[in-house]
Amino acid sequence: MKKYVLDLKVTSVESLGERYLLLVAINPAGRLPKMFPGQFAQLRIDESKETFLRRPISLHYVDYKKNEVCFLVQKVGKGTASLWEKRPCSTLNAVLPLGSGFTMPTSPQKKVLLVGGGVGIAPLLFMGMELKKMGVRPAFLLGARSKTDLIRLDAYRAQGDVYVTTEDGSEGEMGFVTQHSILQIEKFDCIYVCGPKPMMVAMAYYAKSTGTPCEVSLENMMACGLGACLCCVEDTVDGNVCVCKEGPVFNIDKLKW
Amino acid sequence: MADSRVNIADLDLINPVLTASGTFGYGLEYQDFVDLGQLGGVIVKGTTLHSREGNPYPRMAETAQGMLNCVGLQNKGVDYFCAHIYPQIKDIRTNMIVNVSGNSPDDYAECASRINELDCIPAIELNISCPNVKHGGMAFGTTVEGATSVVKAVREAYRKTLIVKLSPNVTSITDIALAVQDAGADAVSLINTLMGMAIDIEKRKRVLSIGTGGLSGPCIKPVALRMVYQVAHVVQIPVIGIGGISNAKDAVEFLLAGATAIEIGTANFLDPAISVKVVKGIDEYLDKHGFESVKDIIGICE
């Protein structure tokens, strides 16, 4: 897939609580390229004295009619925090689309589960939208520490059924996503997971124990994002491979978890 | 428009801008952003006689105006390179140069002799300066004896243009440069990364898997520039400047310091199209100041 460096123009900046930011941008120079759920962009961070590299951020959704791309960003450090300074009409320099995305199910009859934790829910919205287009009504299982960390639920509900867990029980079932009752009640044909590594490892274990095909999206630290520097490698059955190029989405059968 | 051609021994470059090993893959990774034919050359990722898995993750730490890496020469070995990579890159219309590393002088020489057979690879860059491997690499580049032994062994096995990449982690880089010149190098390139460290204060552990890594990026530019200046003033062979070059102004500084060509490394990560922008910027500088050739500014800084 051809990759581009684009000077996107920010159209909307919305803080979702203290930790999350919804950043919408259009491509003023032409049509946005075709992109797929699970792929990401490398966003340039400007005017930060303490950071240097771009930040890899997954595609929250792409709306080709509006020629816009949306990023859901968590404030992690100084780099991501500087994106809070963006305003409508700010330039957002992005390299995209990068990496390989989720494998779409083979038929609309498949029962699909999308599991997300924290900011890992971000790429699952795009995935849900594409699934809906192909006639699949996905189930989302979303986990957070507390009710205030559950964001954008309405956007997910518009694509499919949403099940929620919180660690403090302030919304949905109390506990981790892997403890949710839906996993005991329903049998899924494929599972897609993005979130903190312990959560993905636990879901991979569940998928293996039930014989369900499963893909996870990793977020190893990256430099180039293009498969050139070999910094973001994951130890797989094929040896060390670049998460930015061979991933970030991997079938769990490839991983040594 | 000024003439931007330069020569590194027998190598003709359409301009003095190359991309640095380990930051540009095999060139293929950047073809969507850069017309590789507009570059003086591409130095592809470090290649060794046998395949190497490299160091465990994490291999990278961000720093102020730079980054540390400890990739550790991950590559599939020279046979894989010849069979699978070379066919993909041999028709790229620029100087495709292979960076060669090893564990012993014999390793280096054997790897170099295999690459000597590849018609479309006109030069190698000998990496005697990788700080991230236990054996070989920088161990050879930090002593006159070590550098001499590797370069002599490779010189016997390799007949085309031989560039030797020097480590800055030494007391006197001019001593090493002179030794490498005496051992038969056609050119030197400098600097490789500076050895550094990062610590995670929450985990109270060193960030990189092997504890240390090589520092690159704009933060090392003044050190690199000083070393290029010093080396260019003592050797008779061409010097290729490397270290934090991020724009045409940086590149011109290295040319003025005495570099015949320059390599762009970490800056490729910030802007994948930066290399061709630097080519254009150097042209603009030459035209603006009325120089007829880029050669007219090489080493003119007193």
Side-chain angles (χ1 to χ4, degrees), chain A residues 1-7 33 41-56 76-80 82 93-99 197 218-247 255-256, chain B residues 19-34 42 44-46 51-76 132 198 207-209 213 215-219 244 246 265-274 277:
Chain A
M1 273 184 82
K2 188 167 163 63
K3 307 173 196 78
Y4 300 84
V5 190
L6 300 176
D7 275 330
Q42 280 267 60
L43 303 185
R44 182 131 184 176
I45 305 295
D46 295 316
E47 288 154 31
S48 168
K49 289 190 182 80
E50 291 165 65
T51 68
F52 178 63
L53 297 165
R54 287 174 181 264
R55 291 294 182 269
V76 178
K78 293 251 162 54
T80 44
S82 78
N93 183 272
V95 183
L96 55 73
L98 300 174
K197 188 162 178 186
L218 307 187
E219 50 170 23
N220 295 11
M221 297 269 285
M222 294 174 189
C224 73
L226 303 169
C229 70
L230 309 185
C231 286
C232 64
V233 292
E234 178 73 17
D235 184 17
T236 71
V237 294
D238 301 323
N240 282 328
V241 302
C242 288
V243 168
C244 69
K245 192 178 176 188
E246 307 303 324
L255 302 174
K256 290 183 173 175
Chain B
T19 54
S21 178
T23 67
F24 210 67
Y26 293 102
L28 303 165
E29 292 83 346
Y30 283 81
Q31 272 181 317
D32 287 343
F33 312 108
V34 175
V42 170
V44 306
K45 106 188 10 171
S51 73
R52 291 180 54 97
E53 270 299 305
N55 291 318
Y57 178 86
R59 294 174 167 185
M60 191 273 287
E62 189 180 39
T63 68
Q65 288 299 301
M67 60 177 277
L68 291 156
N69 89 81
C70 66
V71 172
L73 295 174
Q74 180 182 329
N75 79 101
K76 292 185 173 171
N132 299 321
V207 174
L208 299 171
S209 64
L215 182 64
S216 64
C219 58
S246 307
T266 305
N268 291 306
F269 302 161
L270 295 197
D271 179 358
I274 190 67
K277 291 178 186 169

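Chain A is the first sequence line, chain B the second, and so forth, proteins listed ahead of strands; every chain is numbered from 1.
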Chemist: Answer yes or no: is there a side-chain heavy-atom contact under 4.5 Å between A:Val243 and B:Tyr57?
Modeler: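 Not in contact.
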Chemist: Could you check which of A:Gly227, A:Ala223, A:Gly79 has the highest count of heavy-atom pairs closer than 4.5 Å to chain B?
Modeler: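 Between A:Gly227, A:Ala223, A:Gly79, the count favours A:Ala223.
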Chemist: If I measure from the heavy atoms of chain A, does B:Asn268 come under 4.5 Å with its side chain, its backbone, both, or neither?
Modeler: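 B:Asn268 has no heavy atom closer than 4.5 Å to chain A.
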Chemist: Let's test your reading of the structure: which of A:Thr51, A:Leu226, A:Leu230 forms the most heavy-atom pairs below 4.5 Å with chain B?
Modeler: A:Leu230
Chemist: Do A:Cys229 and B:Val71 come close enough that some side-chain heavy atom pair is under 4.5 Å?
Modeler: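 When only atoms from C-beta onward are counted, B:Val71 and A:Cys229 do not touch, as no gap falls below 4.5 Å.
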Chemist: Do the side chain of B:Gln65 and the main chain of A:Phe52 share a donor and acceptor less than 3.5 angstrom apart?
Modeler: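 Pair absent, no side-chain N/O of B:Gln65 close to backbone of A:Phe52.
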Chemist: Measure distances from A:Asp235 to the heavy atoms of chain B and classify the residue's part below 4.5 Å as side chain, backbone, both or neither.
Modeler: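 Neither the backbone nor the side chain of A:Asp235 comes within 4.5 Å of chain B.
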Chemist: Could you tell me which portion of A:Arg54 (side chain, backbone, both or neither) has an atom closer than 4.5 angstrom to a non-hydrogen atom of chain B?
Modeler: both
Chemist: Just wondering, do B:Gln74 and A:Val241 contact through their side chains at under 4.5 Å, heavy atoms?
Modeler: no
Chemist: What are the two closest non-hydrogen atoms of A:Ala228 and B:Gly25, and how far apart are they?
Modeler: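 So the two residues come closest at CB-N, 3.5 Å.
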Chemist: Given the options B:Gly66, B:Gly22, B:Ala273, B:Gly72, which has more heavy-atom pairs under 4.5 Å with chain A than any of the others?
Modeler: B:Gly66
Chemist: Does the side chain of A:Met221 come within less than 4.5 Å of B:Glu62's, by heavy atoms?
Modeler: no
Chemist: Please step through side chain to side chain contact (heavy atoms under 4.5 Å, CB included) for the pair A:Leu53 and B:Met60, ending with a clear verdict.
Modeler: CA-CA 11 Å; A:Leu53 297 165; B:Met60 191 273 287; 3.6 Å; yes
Chemist: Side chains of B:Phe33 and A:Val95, heavy atoms from C-beta outward: is any pair under 4.5 Å?
Modeler: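 A side-chain contact exists here, since the closest heavy-atom pair is under 4.5 Å.
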Chemist: Which heavy atom in B:Asp271 sits nearest to a heavy atom in A:Arg44, and how many Å separate them?
Modeler: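 Of all heavy-atom pairs spanning B:Asp271 and A:Arg44, the closest is CB-NH1, 3.9 Å.
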Chemist: Do A:Cys224 and B:Tyr30 pass the side chain to side chain contact (heavy atoms under 4.5 Å, CB included) test, and can you show the C-alpha distance, the side-chain angles, and the key distance before you say yes or no?
Modeler: CA-CA 11 Å; A:Cys224 73; B:Tyr30 283 81; 4.1 Å; yes
Chemist: Determine the minimum heavy-atom distance between B:Asn55 and A:Asn240, stating which atoms define it.
Modeler: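 Heavy-atom minimum between the residues: O-ND2, 4.1 Å.
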